[in-house]
Amino acid sequence: MQSAMPDLADSCEKDLCLELNLSQEHTRDDLKFLRELRKFLKRYNKATHKIDYLIKKIEEDMGVEKAIQVYDIDEYKIKKNIEKHPYFKNPCNYPIRLVTVMKYLKKKGINIHYTDIDLIVDKLIQEIDGVKKVGDGMYLKKNQ
């Protein structure tokens with residue numbers, strides 16, 4: 001009876017890799033399932049490199065909008081806090097870094113530990129009037 005489980009795990013891993021289409025939309029439930037399957041395979045000392053690959057691809061394919069929906073992020077609240085940052089109230093002639101804005105949001109009580117929160121904040125900073133992206137993670141607001 002014990003030998004039947006590992007055989008079942010081998011066929012399950014092969015079938016999963018063949019049937020899972022990476023172009024489909026994936027949800028958090030899919031990732032949870034794959035992680036549970038990975039634990040199951042590890043318990044029976046089976047290879048998990050294909051499952052690891054699928055988990056990595058799904059996490060990469062989940063875009064900014066997907067992260068907003070999955071984690072229920074309040075974009076309005078984040079944008080209002082960004083606009084209250086001293087740099088955006090009184091801009092000067094040097095750019096501000098994304099890291100600085102992220103630290104400010106953390107200080108104000110915004111949870112910044114979500115996946116891809118930096119991409120969301122980047123999008124919100126660029127939506128502010130007069131802000132121009134001048135480099136990777138660097139923003140300049142023109143004096144008005």
Side-chain angles (χ1 to χ4, degrees), residues 5-144:
M5 288 300 262
D7 295 334
L8 178 62
D10 283 338
S11 65
C12 182
E13 182 181 10
K14 291 174 187 171
D15 293 341
L16 178 69
C17 293
L18 293 176
E19 292 180 15
L20 186 62
N21 185 359
L22 291 178
S23 65
Q24 296 174 349
E25 287 188 22
H26 299 284
T27 63
R28 199 169 173 192
D29 294 333
D30 295 334
L31 287 174
K32 185 177 178 181
F33 168 75
L34 288 173
R35 288 183 178 129
E36 290 297 319
L37 179 62
R38 184 179 185 280
K39 287 179 190 175
F40 177 78
L41 294 173
K42 282 265 227 211
R43 184 172 33 180
Y44 291 103
N45 296 324
K46 296 297 176 183
T48 60
H49 64 280
K50 292 178 185 176
I51 300 295
D52 294 336
Y53 171 76
L54 292 174
I55 290 172
K56 181 182 171 195
K57 288 302 271 182
I58 291 172
E59 286 176 344
E60 288 174 359
D61 291 343
M62 289 178 68
V64 172
E65 298 303 321
K66 199 71 164 173
I68 291 170
Q69 293 171 358
V70 168
Y71 299 118
D72 194 31
I73 296 172
D74 187 8
E75 290 181 86
Y76 180 76
K77 181 180 175 185
I78 294 173
K79 188 172 181 180
K80 286 299 173 191
N81 276 305
I82 292 170
E83 289 172 346
K84 291 178 184 176
H85 189 281
Y87 176 84
F88 293 104
K89 284 183 177 179
N90 300 311
C92 54
N93 58 358
Y94 64 88
I96 189 168
R97 295 175 51 205
L98 177 63
V99 173
T100 307
V101 176
M102 296 293 286
K103 287 181 182 178
Y104 178 79
L105 291 174
K106 184 177 181 181
K107 181 179 170 186
K108 290 297 180 180
I110 303 292
N111 188 356
I112 61 167
H113 298 289
Y114 295 121
T115 305
D116 295 333
I117 190 72
D118 56 334
L119 299 175
I120 296 167
V121 172
D122 174 58
K123 182 184 84 163
L124 294 174
I125 291 172
Q126 292 182 43
E127 289 177 1
I128 297 173
D129 291 334
V131 174
K132 179 182 174 186
K133 189 170 185 174
V134 293
D136 190 30
M138 303 282 285
Y139 310 93
L140 185 64
K141 182 171 182 182
K142 297 180 181 177
N143 293 334
Q144 295 174 343

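Predicted model, so just to flag it, every value in this text is computed and none were measured. Computed over heavy atoms, backbone and side chain alike; hydrogens, waters and symmetry mates excluded.
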For this session: With sequence neighbours excluded, tell me which residues meet side chain to side chain contact (heavy atoms under 4.5 Å, CB included) with K103.
Result: V99
For this session: Measure the CG-NZ distance between L37 and K39 for me, rounded to the nearest 0.5 Å.
Result: 11.5 Å
Exercise. How far does NZ of K141 sit from CG of N90, to the nearest 0.5 angstrom?
Worked result: 9.0 Å
Exercise. At their closest point, which heavy atom of C92 faces which heavy atom of L140, and how far apart are they?
Worked result: O-CD1, 4.0 Å
For this session: With rounding to the nearest 0.5 Å, note down the distance linking CD1 in I51 to CG in L41.
Result: 6.0 Å
For this session: Identify the two heavy atoms, one from K79 and one from I128, that lie closest to each other, and give their separation to 0.1 Å.
Result: CE-CG1, 4.2 Å
For this session: Decide yes or no for D122 and K133: does some side-chain heavy atom of the first lie under 4.5 Å from some side-chain heavy atom of the second?
Result: yes
Problem set entry | Considering all heavy atoms, the nearest L105-I112 contact | CB-CG2, 4.2 Å
Problem set entry | Inter-residue atom distance E127.CD - I82.CD1, 0.5 Å rounding | 9.0 Å
Seminar exercise, completed: Here the pair of heavy atoms bringing Y87 nearest to Y139 is OH-O, 3.7 Å
Exercise. How about K84: does its NZ atom have over 12 heavy atoms from other parts shown lying under 6.0 Å from it?
Worked result: no
Seminar exercise, completed: Between the NE2 atom in H113 and the NZ atom in K106, the distance rounded to the nearest 0.5 Å is 4.5 Å
Exercise. What heavy-atom pair brings V121 and I78 nearest, and what distance separates the two atoms?
Worked result: CG2-CG2, 4.4 Å
For this session: For I110 and K77, work out which heavy atoms get closest and say how close.
Result: CD1-CE, 3.8 Å
Exercise. How are the rings of H85 and Y104 set to each other: parallel, tilted or perpendicular (split at 30° and 60°)?
Worked result: perpendicular
